[in-house]
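Structure first, commentary second.
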Amino acid sequence: MATIQAPNKLFPFMTSSSCSRRRSITATINLPKTRIAPLPFPKLSTRSLVEELDRMSFYEIATATATRTEKDAISTSGINTNDTCVRQGTDASDPTVIAKLYAIMEAVADRVEMHKNIGEQRDNWNNLLLTSINGITLTASTMCGLAAISDSGAPHATFKISSTILYLAATVMLAIMNTIQPSQLAEEQRNASRLFKQLQARIQTMLAIGNPTISDVNEALENVLALDRAYPLPLLGAMLEKFPSTVKPAVWWPQKKQKKVEGLGRNMDIGNGWNRKMEDEMREIVGVLKRKDKEDYLRLGEVALKVNKILAISGPLLTGLAAMGSAFVGTNPWAVIVGVVGGALASVVNAMEHGGQVGMVLEMYRSNAGFFKLMEETIESNINERDVRTRENGKMLEIKVALQLGRSLSDLKNLAASSSLSNGEATEEFASKLF
């Protein structure tokens, strides 16, 4: 209701009688009555959020958040709960699956730190033991020479006994060091830390993309256990063999049953990024990896293994001979020569083996051969699958292979074409341009 007061001077057409009386002119404007209802915002519970953050791990927080968000969405939109449960398997991820993936990712992150720390520790072992053993060996060689030029009596016996004790200690320490190969142990832990980081990144990508399934959880768990078997942490009872009879590629992924070679049939529909030409190119690339890259690293691994065996036997043998020569100084003129020269040669051999980190080189060759073996199995598992719908997308696989080999897509196609023309000749180029 609005009231408007109008004085008579604004209306000259009014009479004097009407002007004497002050009239109020009222105007009533009827407006439609509109009621604004409050928007149905979801009620967010913040009562005990701080306490929950303090006592819950991040995968428990993820579970609680996913459950709370789902309940709020259902209550806000007014969707029937039964219908939501039916569509949960296709439209939304199971909070339990997400929680399991976060739990696995926590364990993987912990393993990354463990392998990193132990790798640094074993690298320190290599440096400290190398310095200590060489220092002991050279000191014993010096004492052996002093014993030879000193007069018979207390100084002569002191130098001779001290030199013999130091040589025996160096022999034992060098035998232990050559058995465990600290440089190779450090390389194993570095590889394990890198591979666990890759697995952690894959799980994070899986969670970021969304809709993980229980099969993804099982696959991640199998990968963790396979890495634990490939790169064990303890030394006693679980250490990898350092001097195998033959060099084999390192295997850090779960082994799957090989499928029968089928490929795309003549009447098979082409799709999911695959065609007959791409399949033939991938077969050629697998052939190059087998004939050139993996075979070459296994050959180099065999050479490194033979050199490492020779050096591992020569070091303790020379220090043992030097200990015997030092013990007989003064009785035989050749004793001092064996004692001094044996110690000098043992220091050189020890520096070549552990200073040159021959064990680390061997492990690097095994790891590289395993990398190419994994690529072979990944490609073959796809091209041997007859149903293209269950394969990895062909374009995505092509990009991954090109990146792993350090090539562009056009360069990868040229590699497959040149391989088909060379027919496995010695002049065929290597598939990888990275290493």
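All heavy atoms count here, side chains included; hydrogens, waters and symmetry mates do not. Because the structure is a prediction, the values reported are computed rather than measured.
With contacts defined as side-chain heavy-atom distances shorter than 4.5 Å, the pair Leu362/Val358 does not qualify. Proximity of Phe371 to Pro249: side-chain heavy atoms (C-beta onward) are nowhere separated by under 4.5 Å.
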- Task: Begin from the C-alpha positions of Thr213 and Asp216 and carry the test side-chain contact (heavy atoms from CB on, under 4.5 Å) through to its verdict.
- Result: CA-CA 5 Å; Thr213 61; Asp216 296 325; 3.4 Å; yes
- Report the C-alpha distance between Glu398 and Lys395 in whole Å, list the side-chain angles of each, state the deciding distance to 0.1 Å, and finish with yes or no for side-chain contact (heavy atoms from CB on, under 4.5 Å). CA-CA 5 Å; Glu398 188 179 26; Lys395 299 297 182 182; 4.2 Å; yes
- Message: Test side-chain contact (heavy atoms from CB on, under 4.5 Å) on Asn308 and Gln181; report intermediate values, then the result.
- Response: CA-CA 10 Å; Asn308 201 25; Gln181 293 289 316; 3.4 Å; yes
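Here the side chain of Thr319 pairs a donor or acceptor atom with the backbone of Pro316 at under 3.5 angstrom. Checking side-chain atoms of Ser381 against main-chain N and O of Thr378 turns up a donor-acceptor pair under 3.5 Å. Judged by distance alone, the side chain of Lys306 and the main-chain N or O of Ala304 form no donor-acceptor pair under 3.5 Å.
Salt-bridge annotation for Lys277 and Asp280: absent, with no side-chain N of the basic residue lying under 4.0 Å from a carboxylate O of the acidic one. A salt bridge does not link Arg122 with Glu363: none of the charged nitrogens is closer than 4.0 Å to a carboxylate oxygen. Ionic pairing of Arg299 and Glu302 is not present here: no N-O contact between side-chain nitrogen and carboxylate oxygen is shorter than 4.0 angstrom.
Leu185 contributes atom CG, which lies 8.0 Å from atom OG of Ser183 (distance to the nearest 0.5 angstrom). With rounding to the nearest 0.5 Å, the separation of CG in Leu415 from OG in Ser410 is 11.5 Å. To the nearest 0.5 Å, atom CG of residue Asn191 and atom CE of residue Met360 are 10.5 Å apart. A distance of 7.0 Å separates CG in Asn126 from NE2 in His354, rounded to the nearest 0.5 Å. Atoms CG and CZ, from Leu240 and Arg366 in turn, are 6.5 Å apart once rounded to the nearest 0.5 Å.
When the shell of 6.0 Å around CE of Met324 is examined, it contains 12 or fewer heavy atoms from other residues, nucleotides or ligands.
Scored by the side-chain hydrogen bond (donor to acceptor under 3.5 Å, both in side chains) test, Gln200 finds no partners at all (sequence neighbours excluded). Lys400 is linked by a side-chain hydrogen bond (donor to acceptor under 3.5 Å, both in side chains) to Glu392, counting only residues two or more places apart in sequence or in another chain.
No option in Arg391, Lys373, Lys290 other than Lys290 meets the salt bridge (charged side-chain N to carboxylate O under 4.0 Å, His left out) test with Glu380. Each of Glu281, Arg291, Glu429, Lys292 was scored for a side-chain hydrogen bond (donor to acceptor under 3.5 Å, both in side chains) with Ser419, with one residue passing: Arg291.
Side-chain contact annotation: Gln189 with Glu120, donor-acceptor N/O pair under 3.5 Å absent.
Ring centers of Tyr231 and His115: at least 6.0 Å apart, outside the cut-off. Centroid-to-centroid, the aromatic rings of Phe435 and Phe430 stay 6.0 Å apart or farther.
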